[in-house]
Amino acid sequence: MSTDGRVTLSHCPYCALNCGVGLETDPAGRLVGQVRWKGSPLTGGAVCSKGSTAWEQVQHRDRLTAPLVRRDGRLVETSWDEALDLAAEGFARIKAEHGADANAVLSGGSLTNEKAYLVGKFARLAFGTRHVDYNGRFCMVSAGSANLQAFGLDRSMTPLSEVERADVVVVVGANVSDAYPVMLPNAINRARQRGARIIAVDPRFGRWVKDGDTALAIRPGTDGVLFLGLLAEVERQGLLDVDYIAERTVGFAEAIAAARPWTPERVEAETDIDAATVRDVARAIATAPRCMILHARGAEQQTMGTNNVLSMINLALACGLPGRPGSGIDMLTGQRNGQGGREWGQRCNQLPAGRSIADPEHRRVVAERWGVPVESLPGVGATYVEILQMAGRREIRGLLSISNNWRISAPDLHAVDRQADELDHVVVIDPFLSESAERHATIVLPGTTFAEEEGTITTIEGRVVRCDQAVAPVPRRSDIDIVRNLARRLGVGEHFDFVRGREVFDEMRRVSAGGPNDYSGITWDRARDGVFWPCPSEDHPGTPQLYTDRFAHADGRARFVAVHRLSPPVDVDRQYPFVLTTGRHLAQYLSGNQTKRIDAQQRKAPGPYAELHPEIATELGLTPEDRIVLTSRQGRSVVPWRPNPSLRPDTVFMLYHWRECNTLTSADLDPTSKIPGFKFTPVAVRRLAAVGDDDVANEVPNEVPNDVNDRPDPLEVPS
């Protein structure tokens with residue numbers, strides 16, 4: 001820890017680019033600023049406006065400095081010992097009265113690898129519960145599921161530094177201006193300057209899309225159809241990489257049979273992408289010497305998200321893209337540690353290092369390395385939304401939450417509030433008091449920020465990097481210390497005897513050895529400059545480019561998966577004629593529990609709003625000062641609006657950083673990945689003044705004011 005006026009090297013706590021930062025401390029050990037770390041991986045220390053102010057959260061006036069316990073409906077300060085005692089006693093009582101599975105854990109994709117590992121281990125050994133999941137369930141699971149099926153591993157295959165070498169770059173459902181700033185827009189622009197063709201597939205186009213790019217304004221919910229049609233068209237034009245398909249894949253016959261009915265004309269009728277463009281794009285992808293396909297939440301956060309990704313993978317395999325530098329198909333992970341967060345066992349179907357909790361051999365290896373009987377490990381549990389639904393049915397009574405804010409981020413928020421209200425015991429670990437803790441927490445334990453802990457994170461590319469601790473924790477205890485003390489009180493302290501992140505990392509290396517996500521050769525020192533997993537020995541260089549010789553399946557071959565058209569469970573109709581889609585603002589992060597407290601970020605994005613195409617605004621008779629009423633089958637929100645001519649007229653866009661957004665979305669799930677369909681919600685749109693009092697009274701009202709500063713005192717919120 002640096003306390004003598006030096007710079008400590010770390011990484012930004014927000015998006016998965018993990019831009020390197022230097023944290024400045026004064027001689028008294030206080031964090032006083034942030035400088036550029038020019039030697040950091042991928043971005044060379046460049047950061048966006050959000051990253052440049054990240055250090056301001058550490059000593060912010062809103063930081064929780066002492067535990068809180070709810071008494072007579074109010075959260076009041078208490079001692080650490082009492083808070084930890086009450087937290088453990090509540091979970092132990094629920095387990096004794098209702099069984100181990102009556103407790104559950106929800107965590108976050110921003111945790112370090114070490115904390116993600118401890119969360120999963122704690123759920124299985126301290127609670128003995130099957131039910132542990134994380135908010136990456138709202139983000140990366142469709143992409144991960146598809147990659148596991150097709151390739152045998154859940155990781156991007158090609159380093160993002162290769163994007164600028166590509167001759168064709170296809171970006172599907174990603175606003176890289178706001179979601180992946182600094183690095184990706186610049187890399188795409190360098191490719192563009194080299195003469196590369198840029199193809200954007202989205203109902204809404206961000207600033208990164210330029211004149212001369214091919215912008216495919218796809219009808220929401222039809223991504224899979226487009227890529228089925230592209231695959232079929234590549235075959236029709238005789239452009240399949242037949243040698244690659246024969247030598248490196250299986251399952252092509254079934255996949256192409258499912259795609260053949262999708263002629264360009266039929267694709268046009270479904271997607272609004274004209275048939276000539278379908279033919280042209282298929283030819284461009286199949287004939288490019290180097291082609292990169294990048295996909296993100298637009299295609300993935302749908303109830304058919306897994307199929308959408310599989311349809312893209314099928315096209316990439318048919319063209320022989322995976323395994324070649326400057327080519328391939330990469331999933332664009334969203335959260336700070338969305339990649340590592342889904343590797344280390346904090347998901348309901350997963351053990352550490354990408355092992356399956358349902359695989360007998362995987363279970364045996366982990367149990368042996370943890371020193372516990374294999375039969376003591378619980379089986380597959382419920383996913384995030386399912387955990388909340390089980391709480392509503394009183395099947396789950398106790399919840400431990402860390403760095404997670406369901407009252408903003410989960411779908412169908414009115415239902416979520418009712419579900420979480422049924423919990424008997426809720427313990428929240430977080431540096432700030434979130435909306436979820438305000439309403440639902442029995443106990444709040446102050447958590448640590450990125451500058452107060454050491455650990456590793458795994459970047460968007462699969463590169464394991466190290467974050468060093470710059471300052472002592474404001475609340476005096478680290479998150480690792482909290483887990484250790486809860487485990488001791490629950491009788492399993494010997495399995496959690498860690499003080500520092502590097503101690504946890506050493507155990508993780510041993511547990512991962514020989515597993516799908518092998519970190520065993522990545523030492524603490526090597527992680528300073530970053531090493532790509534798999535890395536099975538200390539003399540191994542790491543693996544930046546995957547699949548050069550073989551895929552991760554036992555036979556070394558990739559799998560084509562036959563994809564059939566899936567439609568959203570609820571479509572637009574006369575009552576709800578528009579499609580709501582959601583996304584980020586550059587200035588804010590997830591539920592905003594960190595960024596909304598930073599003045600510079602709040603000025604850039606102070607509150608929720610909806611975007612409409614100007615034609616629709618004219619039809620509704622809107623003025624810039626008007627507010628609009630958005631109504632879905634789940635709820636109603638009243639927000640300001642902004643015009644966006646780069647948005648399809650049948651589509652409405654909202655930022656998901658405020659409750660007004662997910663009040664509207666539904667809890668319908670992808671049947672494979674169990675991701676909610678955030679990107680497709682049928683809605684009605686009306687000018688506020690045109691809504692009669694009777695209409696408003698019959699709809700579910702908003703429960704949170706639009707003004708982020710106009711909230712009740714969090715210590716006076718009723719239980």
Side-chain angles (χ1 to χ4, degrees), residues 1-3 8 10 12-14 21 23-35 47 49-70 74-80 83 108 110 336 401-405 407-408 428-441 443-453 469-479 481-482 585 587-607 657-659 704-717:
M1 184 175 69
S2 174
T3 58
T8 302
S10 188
C12 176
Y14 299 127
V21 296
L23 300 174
E24 287 188 297
T25 49
D26 65 17
R30 286 180 55 84
L31 190 60
V32 294
Q34 190 171 301
V35 298
V47 294
S49 65
K50 184 164 66 254
S52 68
T53 60
W55 69 276
E56 296 181 26
Q57 69 177 269
V58 179
Q59 286 145 190
H60 195 277
R61 61 185 179 275
D62 290 349
R63 282 294 302 277
L64 294 171
T65 59
L68 305 174
V69 61
R70 195 175 295 277
R74 298 181 61 220
L75 289 169
V76 296
E77 289 191 359
T78 188
S79 69
W80 272 105
S110 61
R336 174 207 190 191
S401 168
I402 178 169
S403 297
N404 172 58
N405 191 6
R407 288 203 73 222
I408 303 295
V428 172
I429 305 171
D430 211 309
F432 299 99
L433 196 65
S434 68
E435 289 86 349
S436 300
E438 288 179 13
R439 175 160 175 156
H440 297 296
I443 296 161
V444 182
L445 303 175
T448 44
T449 66
F450 77 111
E452 299 162 298
E453 60 189 12
Q469 183 179 353
V471 293
V474 166
R476 302 194 308 279
R477 290 182 184 265
S478 69
D479 292 346
D481 184 76
I482 291 172
H585 191 288
Q588 301 286 6
Y589 179 67
L590 300 185
S591 73
N593 202 32
Q594 297 158 288
T595 49
K596 289 176 188 174
R597 303 174 196 279
I598 308 301
D599 291 342
Q601 305 312 116
Q602 271 299 97
R603 286 194 295 271
K604 293 181 176 71
H657 311 295
W658 290 271
R659 265 186 73 90
V704 173
N706 284 345
D707 185 351
V708 74
N709 297 312
D710 184 20
R711 290 179 175 159
D713 183 341
L715 300 186
E716 295 180 357
V717 174

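Note that the coordinates shown come from a computational prediction; the quantities given were computed from them, not determined experimentally.
Side chain of Asp26 to main chain of Gly29: a donor-acceptor pair is present (N/O by atom type, distance under 3.5 Å, no hydrogens or angles). Proximity of a side-chain donor or acceptor of His60 to a complementary backbone N or O of Ile598 within less than 3.5 Å is not detected. At distances below 3.5 Å, at least one donor-acceptor pair connects side-chain atoms of Asn405 with backbone N or O atoms of Ser436. No donor-acceptor pair closer than 3.5 Å links the side chain of His657 to the backbone N or O of Gly592. Side chain of Thr53 to main chain of Glu56: no donor-acceptor pair is present (N/O by atom type, distance under 3.5 Å, no hydrogens or angles). Formation of a donor-acceptor pair under 3.5 Å by the Glu24 side chain with backbone atoms of Leu31 is not found in this model. Between the side chain of Lys596 and the backbone N or O of Gly607 there is no donor-acceptor pair closer than 3.5 Å.
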Practice problem: Could you check Glu452 against Thr449 for side-chain hydrogen bond (donor to acceptor under 3.5 Å, both in side chains), going step by step and ending with a plain yes or no? | Solution: CA-CA 6 Å; Glu452 299 162 298; Thr449 66; 2.7 Å; yes
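Side-chain contact between Val35 and Val21: absent, with no pair of heavy atoms (C-beta onward) separated by less than 4.5 Å. Residues Val76 and Val69 are in side-chain contact: their nearest non-hydrogen atoms beyond the backbone lie under 4.5 Å apart. Leu68 has its side chain within reach of Glu77: a pair of non-hydrogen atoms, C-beta onward, lies under 4.5 Å apart. Side-chain contact between Glu435 and Arg659 is absent, with no heavy-atom pair separated by less than 4.5 Å. The shortest distance between side-chain heavy atoms of Asp479 and Glu453 falls below 4.5 Å. In this structure, Thr25 and Val32 have side chains that are not in contact, with every pair of non-hydrogen atoms separated by 4.5 Å or more. Residues Lys50 and Thr595 form a side-chain contact, since some pair of their non-hydrogen atoms from C-beta on lies under 4.5 Å apart. The closest side-chain heavy-atom distance from Ser110 to Tyr589 is below 4.5 Å.
Atom-to-atom distance recorded for Arg597:CZ and Asp62:CG is 4.5 Å, nearest 0.5 angstrom. For the atom pair NZ (Lys604) and CG (Asp599), the distance works out to 10.5 Å, reported to the nearest 0.5 Å. In this structure, CG on Asp430 lies 10.5 Å from CG on Leu445, to the nearest 0.5 angstrom.
Exactly one residue among Gln601, Arg63, Gln594 makes a side-chain hydrogen bond (donor to acceptor under 3.5 Å, both in side chains) with Gln57. That residue is Gln594.
Considering all non-hydrogen atoms of both residues, Ala437 and Arg70 come closest at O-NH2, 3.3 Å. Heavy atoms only, all atoms of each residue included: Gly447 and Ile429 are closest at CA-CG2, 4.1 Å.
Looking only at atom types and distance, the side chain of Gln602 has a donor-acceptor partner in the side chain of Gln588 under 3.5 Å away.
Considering only residues two or more places apart in sequence or on other chains, Ser401 meets the side-chain contact (heavy atoms from CB on, under 4.5 Å) condition with Asn404, Trp406, Val428.
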